[in-house]
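Okay, so here's the structure we're looking at.
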Amino acid sequence: MVKILKRTAVFEDRDSTPGPPVAQSVRLSVPKKTKLYVDQTMRERENAVDMHRAFQMDLYRLRLAAARAYVKALESSLTPMSASLSEPLKMNAVVQGLGPSFKLTLNIQNTASCRPLMSLAVSFLYDESLYHMKTAYFKIPLLVPGLNYPIDTFVECLSDKGISDLIKVFVLREGKSAPLLTAHINMPVSEGMALD
């Protein structure tokens with residue numbers, strides 16, 4: 001066997017003994033333990049069980065609060081996706097414009113694998129002293145699975161005080177009292193008033 005070396009190769013003596021490298025045996029300069037650190041460690045040792053119980057109790061409370069909020073959102077249809085397996089829908093909203101006229105686009109999608117949805121409607125709930133919409137109720141055509149259906153409407157801000165409010169959007173099924181989906185849209189503050 002013939003080995004070819006570079007002309008610039010440098011040969012060094014290496015320690016061929018097995019084991020950890022030499023740099024590992026160099027001692028690090030660890031700072032001294034402060035009194036505060038020692039007191040904290042002692043407190044944690046003495047109260048370890050109580051501290052662990054308090055942590056576990058807080059964790060259980062957090063999980064319970066999250067589960068309650070999730071159930072409340074599902075029951076009031078405040079999620080961007082419907083919880084109903086028979087009518088799986090997804091919706092998002094986009095507000096465009098500086099004001100006083102805004103374009104509100106709702107993108108509604110049927111997330112079912114093969115079943116189309118029909119007999120649906122969209123309704124808006126808003127402060128009529130603050131906003132005006134030409135049509136606050138839409139019938140949605142047949143929703144084919146997987147396609148995104150944009151629904152556009154225009155919102156006119158009636159106030160010149162620089163305030164804004166929520167517009168609630170409900171996706172409804174004809175004949176049912178509870179909405180399938182609910183969205184709360186935070187409208188932006190109108191940047192100016194229309195010239196008459």
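Looking only at side-chain heavy atoms (C-beta outward), Asn110 and Leu147 stay at 4.5 Å or farther from each other. Met187 has its side chain within reach of Tyr131: a pair of non-hydrogen atoms, C-beta onward, lies under 4.5 Å apart.
Counted within 6.0 Å of CE on Met51, heavy atoms from surrounding residues, nucleotides or ligands total more than 12; the atom is thus considered enclosed. Under a cut-off of 6.0 angstrom, the local environment of CD in Glu44 is crowded, with over 12 non-hydrogen atoms contributed by other residues, nucleotides or ligands. For Tyr137, the OH atom is densely surrounded, since the number of other residues' heavy atoms within 6.0 Å is greater than 12.
Under the 3.5 Å distance criterion, the side-chain polar atoms of Gln109 are left unmatched by any main-chain donor or acceptor of Asn148. A donor-acceptor distance shorter than 3.5 angstrom exists from the side chain of Tyr149 to the backbone of Val144, with no hydrogens or angles considered. Between the side chain of Thr111 and the backbone N or O of Pro88 there is at least one donor-acceptor pair closer than 3.5 Å.
The CD1 atom of Ile140 sits 10.0 Å away from atom CZ of Arg173, with the distance rounded to the nearest 0.5 Å. Of the inter-residue distances, the one linking Asn107 atom CG with Thr105 atom OG1 reads 6.5 Å to the nearest 0.5 angstrom. Ser119 contributes atom OG, which lies 11.5 Å from atom NZ of Lys176 (distance to the nearest 0.5 angstrom).
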Please test Arg53 against Gln56 for side-chain hydrogen bond (donor to acceptor under 3.5 Å, both in side chains), starting from the C-alpha separation and ending with a verdict. CA-CA 5 Å; Arg53 275 196 199 120; Gln56 288 293 327; over 6 Å; no
Worked check of side chain to side chain contact (heavy atoms under 4.5 Å, CB included) between Met91 and Val171: CA-CA 9 Å; Met91 176 176 60; Val171 178; 3.8 Å; yes
As a quick check of understanding, evaluate side chain to side chain contact (heavy atoms under 4.5 Å, CB included) for Phe102 and Ser190, giving each step before the final call. CA-CA 9 Å; Phe102 298 100; Ser190 176; 4.3 Å; yes
Residue pair Asp152, Lys103: steps toward the side chain to side chain contact (heavy atoms under 4.5 Å, CB included) verdict: CA-CA 7 Å; Asp152 296 328; Lys103 181 180 179 183; 3.6 Å; yes
Go through the steps to decide whether Tyr126 and Met133 satisfy the test side chain to side chain contact (heavy atoms under 4.5 Å, CB included), and finish with yes or no. CA-CA 9 Å; Tyr126 56 93; Met133 296 176 84; 3.4 Å; yes
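Taken together through direct or relayed side-chain contacts under 4.5 Å among Ile, Leu, Val, Met, Phe, Trp and Tyr, Val155 and Ile163 form part of one hydrophobic cluster. Linking Ile, Leu, Val, Met, Phe, Trp and Tyr residues whenever their side-chain heavy atoms come within less than 4.5 Å leaves Leu180 and Leu172 in two separate clusters. Linking Ile, Leu, Val, Met, Phe, Trp and Tyr residues whenever their side-chain heavy atoms come within less than 4.5 Å places Met118 and Leu106 in a single cluster. No path of Ile, Leu, Val, Met, Phe, Trp and Tyr side chains, each step under 4.5 Å between heavy atoms, connects Val95 with Phe154, placing them in separate hydrophobic clusters. Under the 4.5 Å side-chain heavy-atom criterion for Ile, Leu, Val, Met, Phe, Trp and Tyr, Leu125 and Leu166 are members of distinct hydrophobic clusters.
Each of Asp165, Val94, Leu104 was checked for a side-chain contact (heavy atoms from CB on, under 4.5 Å) with Ile185, and the lone residue meeting it is Leu104.
Between Phe124 and Ile167, the closest heavy-atom pair is CD2-CG2, 4.1 Å.
Taking 4.0 Å as the cut-off between side-chain N and carboxylate O, Asp39 and Lys35 count as a salt-bridged pair. Using a 4.0 Å cut-off between a side-chain N of Lys or Arg and a carboxylate O of Asp or Glu, Glu174 and Lys139 qualify as a salt bridge.
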